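One structure below.
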Amino acid sequence: MRNSEIAALLYSISELLELKGENPFKVRAYVKAARAIEGMTEDIEEMAAQKRLREIPGVGASIAEKIEEYLITGKIELYGDLLKQVPAQLHDLMRIPGIGPKTAQVLYKKLGVKSIDELEKAARQHRVRRLEGFGAKKEENIIRAIERYRQRSTRIPLGTALPLARGIIETLKKYGVTDRIEPAGSLRRKKETVGDIDLQATSKDPLTAIEAFVHLPVVKTILGKGSTKATIVTRDAIQIDLRIVEDRSFGTSLQYFTGSKEHNIKLRDLARQKGLKLSEYNLEDVLTGKKIYCSSDDEVYIKLGLPPIPAEIREDTGEIEAALQGKLPELVELGEIKGDFHTHTNWSEGTNTLEDMALAAKYMGYEYIAITDHSKSLGVAHGLNEERLRKQMEEIERLNGKLEDFHIFSGTEVDIKADASIDFPDSILRQCDVVVAALHVGQRQTRREITGRLIAAMENEHVDIIAHPTGRIIGEREGYDVDMDALLTTAANTDTVLEINAYPSRLDLSDVNARKAKSRGVRLTIDTDSHSTEQLGFMEFGINVARRAWIEKEDLVNTRAVKDVRFKD
DNA sequence: GCCGTTTTCGGCCCGACTGTTTTCAGTCG
């Protein structure tokens, strides 16, 4: 599929148009089309062949023509023309807060500045302040913004941000300085990484609340402090905003600051069509001027005539349309999870015993757990050989005789070796209740080789689940080069279950890929890959991914009662 | 450039802040 390739091209065109100072709505039109193409599961080449490109929301006559041009000739004339007028690199300047398309264009035209380095040099030489419409203050702000940009930390994994935010909320509640307090922004939408942490609160005494916030023990620097808003940076270089809002505006404000921006644009447009004006302060009847206040963000949706849209899917990827048609998914909830199919014990590299893991899972309210220690070739993880695996099965049988209302499935996380063979023979795999297959070595092979190995594993009748299908580690390494389209097709054809690995640094499949898997009819499971009893709690992070992927209870294997669990025959 | 249960043309989310101005453009969230 060439969907992402074409989406990337449309994004580039929009960036160049933006730099050129083109009509902002035209710029947005390209972004909208790119987003739609990026997120859809249908093959764009097939749609083009069937002359169905204009069915894609946001694709009209002009963009459809350009996509066809690209598929036939391999290039788009407009794109080439734009590149002759504006250096593509110039868009980097807009990464500096305070610099938008207009400023970037002026800096380029008047000073020849194309990169952040060149801009910093020009500013330090006081060449920027002499430009018309600029001044000393603006120049200083640019220098400071570049400094902050350089030392700013990369995006924060949700696994770090969420506990931090909860801790702060708990503390402020304990101090009694805030009444209602909630996370907003991408944190509330549970994105896998967040840029900063947004908190929103109400308070009878906003000044005291702000003071308490900026003096929390985690605070390293206070970036700003006003009467209703403060921004701090923690010792771990994480930026946190606290905003105090009026009690009656809490719902509209939370809706607004939760975003996403694209979702809000569409929602406000919808409000307008109904004769209402939605802002962060209230919902206003345009004709009568009557103001409507909402105590929760759910209420905002209800007042707009929609069912409440869960925060996790507010990304303008079809959720508003679904809400209008009454077809919102019933997103899976943590309480619906009945077991975990990927866990480790001290038989391989885990820290707890079999019994510890089982009891912890039972205590969490689960009906079952699968023990899937590594297989023999994974020496670093003390992988089990056939002999030890058989012993473990005996131990599991013994425990199953002892445990009440709980079942342990015996399993293995069997390695898919570099030559595409499976680390255990079929005779062994057959004896396991659950076979989880995963790729650990040879991660740098070509796309063809990697995909071939995964497909070979899925075609093995004993392989039930593919664990962490892309191998990515958030903030550390991209996944291995896998043909996701081929992977999903084979998973669907062989009825192999794909994993949403809940380990916070993995979250693999990602939200986007998990949603594609669902739309292809692939069955999924959320597993923690726990190496200790505490890590069984990572399930929450897998649920976040699943909800962002529009996953419902029925799409998952591990929402089934123990008697209904079945894998491919 | 896209789009239509008020529209095939004229709209396209909304409010606030900042710095440069002397009434506003640019940027942000």
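Since this is a predicted model, take the numbers as computed values, not measurements. Throughout, a chain's letter reflects where its sequence line sits, starting with A, and its residues are numbered from 1.
Whole-Å rounding puts the A:I197 CD1 to B:dG29 C1' distance at 17 Å. Summarising the geometry, the separation between CG on A:L19 and C1' on B:dG26 is reported as 15 Å, rounded to the nearest angstrom. Put simply, CD1 on A:I37 is 13 Å from C1' on B:dG1, counting in whole angstrom units. With rounding to whole Å, A:I67 atom CD1 is found 13 Å from B:dC2 atom C1'. One interatomic measurement links the two molecules: NZ of A:K26 to P of B:dC2, which rounds to 10 Å at whole-angstrom precision. Atom CG in A:L17 sits about 8 Å away from atom P in B:dG1, given to the nearest Å. Taking atom CZ on A:R130 and atom C1' on B:dT20, their separation rounds to 18 Å, with Å as the unit. At whole-Å resolution of the value, CD1 in A:I142 and P in B:dC28 are 11 Å apart.
The ring pair (Phe, Tyr, Trp, His ring centres under 6.0 Å) pairs that include a residue from residues 245-275 of chain A are A:H263-A:Y301, where partners are two or more places apart or lie in different chains.
Across all strands shown, A:P24 has no heavy atoms under 4.0 Å from either base or sugar-phosphate atoms. The residue A:I96 sits close only to the backbone: its heavy atoms come under 4.0 Å of sugar-phosphate atoms, none of a base. No engagement by A:A271 is indicated, since no non-hydrogen atom pair under 4.0 Å with the nucleic acid exists. Among the heavy atoms of the strands lying under 4.0 Å from A:V59 are primed sugar atoms or P, OP1, OP2 only; no base atom is included. Within 4.0 Å of A:K274, counting heavy atoms only, lies no atom of the nucleic acid at all.
Atoms CZ and OG1, on A:R188 and A:T258 in that order, are 4.0 Å from each other to the nearest 0.5 Å. Atom CG in A:L524 sits 13.5 Å away from atom CZ in A:R515 (nearest 0.5 Å). Note: A:R272 CZ to A:L267 CG = 12.5 Å, rounded to the nearest 0.5 Å.
A gap of 22 Å separates the P atoms of B:dA16 and B:dT20, to the nearest Å. Atom C1' of B:dT21 sits at a distance of 13 Å from the matching atom of B:dG26, rounded to the whole Å. Rounded to whole Å, the C1' atom of B:dG10 lies 30 Å from the corresponding atom of B:dC17. To the nearest whole angstrom, the two P atoms, one in B:dC14 and one in B:dC9, are 24 Å apart. Distance check on atom P: B:dG4 versus B:dT8 gives 13 Å, rounded to whole Å. The C1' atoms of B:dG19 and B:dC13 are separated by 25 Å, rounded to the nearest whole Å. Here the separation of B:dT23 from B:dT18, taken at their C1' atoms, is 15 Å to the nearest Å.
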Enumerate, atom names and distances included, each donor-acceptor pair closer than 3.5 Å involving a side-chain atom of residues 111-118 of chain A, sequence neighbours excluded.
unit_1 : atom_1 : unit_2 : atom_2 : d
A:S115 : OG     : A:E118 : N      : 3.2
A:D117 : OD1    : A:R150 : NH2    : 2.6
A:E118 : OE1    : A:K114 : N      : 2.8

Could you list the donor-acceptor pairs under 3.5 angstrom formed between side-chain atoms of residues 7-16 of chain A and any protein atom two or more places apart in sequence or on another chain?
unit_1 : atom_1 : unit_2 : atom_2 : d
A:Y11  : OH     : A:E38  : OE1    : 2.8
A:S12  : OG     : A:A8   : O      : 3.0
A:S14  : OG     : A:Y11  : O      : 2.9

In residues 134-145 of chain A, what donor-acceptor pairs under 3.5 Å come from side-chain atoms, sequence neighbours left out?
unit_1 : atom_1 : unit_2 : atom_2 : d
A:E139 : OE1    : A:H126 : ND1    : 2.6
A:E139 : OE1    : A:R129 : NE     : 2.7
A:E139 : OE1    : A:R129 : NH2    : 3.1
A:E139 : OE2    : A:V128 : N      : 3.1
A:E139 : OE2    : A:R129 : N      : 2.8
A:N141 : OD1    : A:R144 : NH2    : 2.9

Check: residues 207-223 of chain A side-chain donor-acceptor pairs under 3.5 Å, at least two apart:
unit_1 : atom_1 : unit_2 : atom_2 : d
A:T208 : OG1    : A:D205 : OD1    : 3.1
A:T208 : OG1    : A:D205 : OD2    : 2.3
A:E211 : OE1    : A:H215 : ND1    : 3.4
A:E211 : OE2    : A:K225 : NZ     : 2.8
A:H215 : ND1    : A:E211 : O      : 2.9

Please list, for nucleotides 22-24 of chain B, all pairs of protein and nucleotide N/O atoms separated by less than 3.5 Å.
none

Extract from the structure each pairing of a protein N or O with an N or O of nucleotides 11-18 of chain B at less than 3.5 Å, listing the distance.
unit_1 : atom_1 : unit_2 : atom_2 : d
B:dC13 : OP1    : A:R28  : NH1    : 3.2
B:dC13 : OP2    : A:R28  : NH2    : 3.1
B:dC13 : O2     : A:R268 : NH1    : 2.9
B:dC14 : O4'    : A:R268 : NH1    : 2.7
B:dG15 : OP1    : A:K277 : NZ     : 3.4

For nucleotides 8-10 of chain B, give me every protein contact, N/O to N/O, under 3.5 Å, one pair per line with atom names.
none

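For A:T202, there are no side-chain hydrogen bond (donor to acceptor under 3.5 Å, both in side chains) partners two or more places apart in sequence or in a different chain. Qualifying salt bridge (charged side-chain N to carboxylate O under 4.0 Å, His left out) partners for A:E246, counting only residues two or more places apart in sequence or in other chains: A:R248. Remark: A:F541 pairs with no residue by the ring pair (Phe, Tyr, Trp, His ring centres under 6.0 Å) rule, at least two apart or across chains. For A:Y293, there are no ring pair (Phe, Tyr, Trp, His ring centres under 6.0 Å) partners, not counting sequence neighbours.
Note on A:E45 versus A:R2: salt bridge recorded, some NZ/NE/NH1/NH2 to OD/OE distance being below 4.0 Å.
Base pairing analysis places B:dT8 opposite nothing; no Watson-Crick or G-U wobble pair with both distances below 3.5 Å involves it.
Mapping A:G135 and A:T103 onto DNA chain B by nearest heavy atom places A:G135 at the nucleotide closer to the 5' end. Sequence order on DNA chain B of the closest nucleotides to A:P97 and A:F134 puts A:F134 first from the 5' end.
In B:dT20 the O4'-C1'-N dihedral to the base is more than 90° from 0, which defines an anti nucleotide.
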